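Worth saying up front: this structure is predicted, and the values here are computed from it rather than measured.
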Amino acid sequence: MAGDEALIRIVDAAMAEAARKSGAWLVCRPGCTDCCRGPFPITQLDARRLREGLAELELRDPPRAARVRQRARQAVADAATDDDPCPALDPSTGTCDLYAARPITCRIFGPP
């Protein structure tokens, strides 16, 4: 997984620079959930990172992890549509419960 970690560092650094250059023009901020809607494809590495992130969350904050799991089960049961929020999105805060483990798609959405 070392290659994935290197890729994540590169992507995060590039997006941080894009956000820095965007300044006040960047509208993406915690609580903005426009990009957190609907199903989207993820890679196997994204899935692995999400599983590991959820396992870490389970150790740090079991009730929060349980809420993510419940939202994921509900999304599968409801056959999520383009308007449904991502299961990792905490509806009360508008932030991602698995932010550090989020997929590449989530990391690059916004600043570009």
So if you build clusters from Ile, Leu, Val, Met, Phe, Trp, Tyr with side-chain heavy-atom gaps below 4.5 Å, do Leu7 and Ile108 land together? yes

Without swapping roles, check the side chain of Arg69 against the backbone of Ala66 for a donor-acceptor pair under 3.5 Å. no

Closest heavy-atom pair, Asp97 versus Arg64, reported as atoms and distance to 0.1 Å, is OD1-NE, 2.8 Å

Looking only at heavy atoms, which two atoms of Glu58 and Ala65 are closest? And how far apart? OE1-CB, 3.4 Å

Find the distance between CD (Glu56) and CG (Leu98) and round it off to the nearest 0.5 Å. 9.5 Å

Between Val68 and Ile42, is there shared hydrophobic-cluster membership here, with clusters defined by ILVMFWY side-chain heavy atoms closer than 4.5 Å? yes

Hey, does the side chain of Arg107 reach the backbone of Asp12 with a donor-acceptor pair shorter than 3.5 angstrom? no

With a 4.0 Å cut-off on N to O distance, would you call Asp4 and Arg49 a salt bridge? yes

So, do Thr43 and Pro103 sit near enough that their side-chain heavy atoms are less than 4.5 Å apart? no

Working to the nearest 0.5 Å, report the span between SG of Cys106 and CG of Asp46. 8.0 Å

Is there a path of hydrophobic side-chain contacts, each under 4.5 Å between heavy atoms of I, L, V, M, F, W or Y residues, that connects Leu89 with Ile104? no

Residue Phe40 excluded, over 12 heavy atoms near CZ under 6.0 Å: yes

For Ala101 and Gly53, the nearest pair of non-hydrogen atoms, with its separation, is CB-CA, 3.8 Å

Check: Gln70/Arg73 side-chain N/O donor and acceptor closer than 3.5 Å: yes

Using side chain to side chain contact (heavy atoms under 4.5 Å, CB included), reason through Asp83 and Arg37 one step at a time and then give a plain yes or no. CA-CA 6 Å; Asp83 293 330; Arg37 303 262 168 215; 5.5 Å; no

